[in-house]
Amino acid sequence: MNNTYITSFDYQVPIDKIPIAELRQVFIDDFSDHVDDLESPKFQNITLDEIEAVSVYQNYNPGTEVISVIEKVLTDKSDGRELDLIIDYSVVSKLENGLSIGNKIQEQLNARNALVLSVGNGGCLSFMLALKTAQAFMQANDQYKNVLLFSEDHVIGNRYNPGLNVLGDGASAILLQSETDSTMQLVDVECYNMGRLNPVLGVRHDLKGNFKYKEFENKIQPLHYKVIYDLFNKVLRNNSLKIEDIDLVLYQNMSHNDYVGLKSALQLSEDQLHYGKMKGHGHVFGSDIIINMCHSTEQGKLEKAKNIVAISSGAGFSWAVSLIKN
Amino acid sequence: MIKTKEETVGVKLNVKNYISEQFIKNDKIEINDETELLKLGIIDSLSMMTLIMFIEKNYGLDFYEIEINRDDFQNLLTIESLIVKNIK
């Protein structure tokens, strides 16, 4: 049975930015009629001002933006022709015919031996689903030694969700290998989907901005931290770890308020939780965890950490917690 | 753990004691059946998590199975109703 090691990872966001004030105005002008409860205290209390701006692709051409990230990730580590599996975890980017951009990437990499999959159904936790899928393939069959995961997300429609998040564009990629010098091992990924919440926030981001905010607040938020708490503790139990054994927790970039909530819910210390880089990015779907892996690497945290936990949630409604050992 | 509907007497008092001990820092504040726990901020998303875990542990409710709504945590009466109607 092959182990799954993380060999390299990277991300890239576009250079063009839109300030949050502008996005807020677009929301008020064009989308606020589609939101069911503008009187909610959340609209008033969580301003999202910490985000400042998000990056956006101009003249977007699906499948072209992520290539430079993939090339950085593959450099000297693997050739496209050596890839055994490619998984697209993009949430909102598709080709004109509605298909994943995976096969276009496969062609560009000349990865003729790779099986190509797409796992966008987990919304913003699709990255975690991709990790779990890759790990399952690598453990089940020795043939899968070199696995590339990538995403490229380009938002169409509303980017500003009051009190919750601001959506930015971006691309990310990660190379998983069974034979590598890397010591960063993907050990565990636990996912949970509460299908009955699909009507509240389903698997497809609504392009018209019909965000059922009140439903979200009523049905998902009461359970959000509880499910994360349960999955987090399940991962700890699975791996005979205690909370104090966790050196670094990476989370998705929704809002500073959400980070504070997670810290309290899991009773994390200030040192354990890495506050993600969202100031100029906003929330970049499945790329958030990789953005924060890069950000914590820049700060020298990731290399020092022995036990790293990554946490995401997303459409479905779904939650996931993964454990990486260094 | 209470497992049957016949044993639900005292549910409201148990919940009241838990909320008073865990979430109310000011001794002068006393909650009654209709105190608006959400509107007054006595229960927020975090205290809701610990309250859910308290209910799960003490009354055996499975929050992965039952449908809940934020309004279920409005006051002691709605919380009692949530518990009683979902005890098997």
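In what follows, chains are A, B, ... by sequence order, proteins preceding strands, each numbered from 1. Just so it is clear, the structure is predicted and the values come from calculations on it, not from any experiment. Hydrogens, waters and symmetry mates are skipped; everything else that's a heavy atom, side chains included, is used.
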Close side-chain approach of B/M48 and A/P222, heavy atoms under 4.5 Å = yes
Would you mind reporting whether B/I68 and A/K219 have side-chain heavy atoms less than 4.5 Å apart?
-> no
Could you measure the distance from the [atom1] atom of [X] to the [atom2] atom of [Y]? Nearest 0.5 Å is fine.
X	Y	atom1	atom2	answer
B/D44	A/Y225	CG	OH	9.5 Å
B/E67	A/L223	CD	CG	10.0 Å
A/E217	B/D71	CD	CG	9.5 Å
B/M49	A/D230	CE	CG	8.5 Å
B/L46	A/Y229	CG	OH	12.5 Å
B/E65	A/M194	CD	CE	8.5 Å

Using the test side chain to side chain donor-acceptor pair (under 3.5 Å), find all partners of A/N292 that sit at least two apart in sequence or belong to another chain.
-> A/N253, A/Y259
Exceeds 12 heavy-atom contacts within 6.0 angstrom, atom CD of B/E34 = no
Do other residues, nucleotides or ligands put more than 12 heavy atoms under 6.0 Å from the CD atom of A/E244?
-> yes
Work out which heavy atom in B/Y64 is nearest to a heavy atom in A/R196; give both atom names and the distance.
-> O-NH2, 3.5 Å
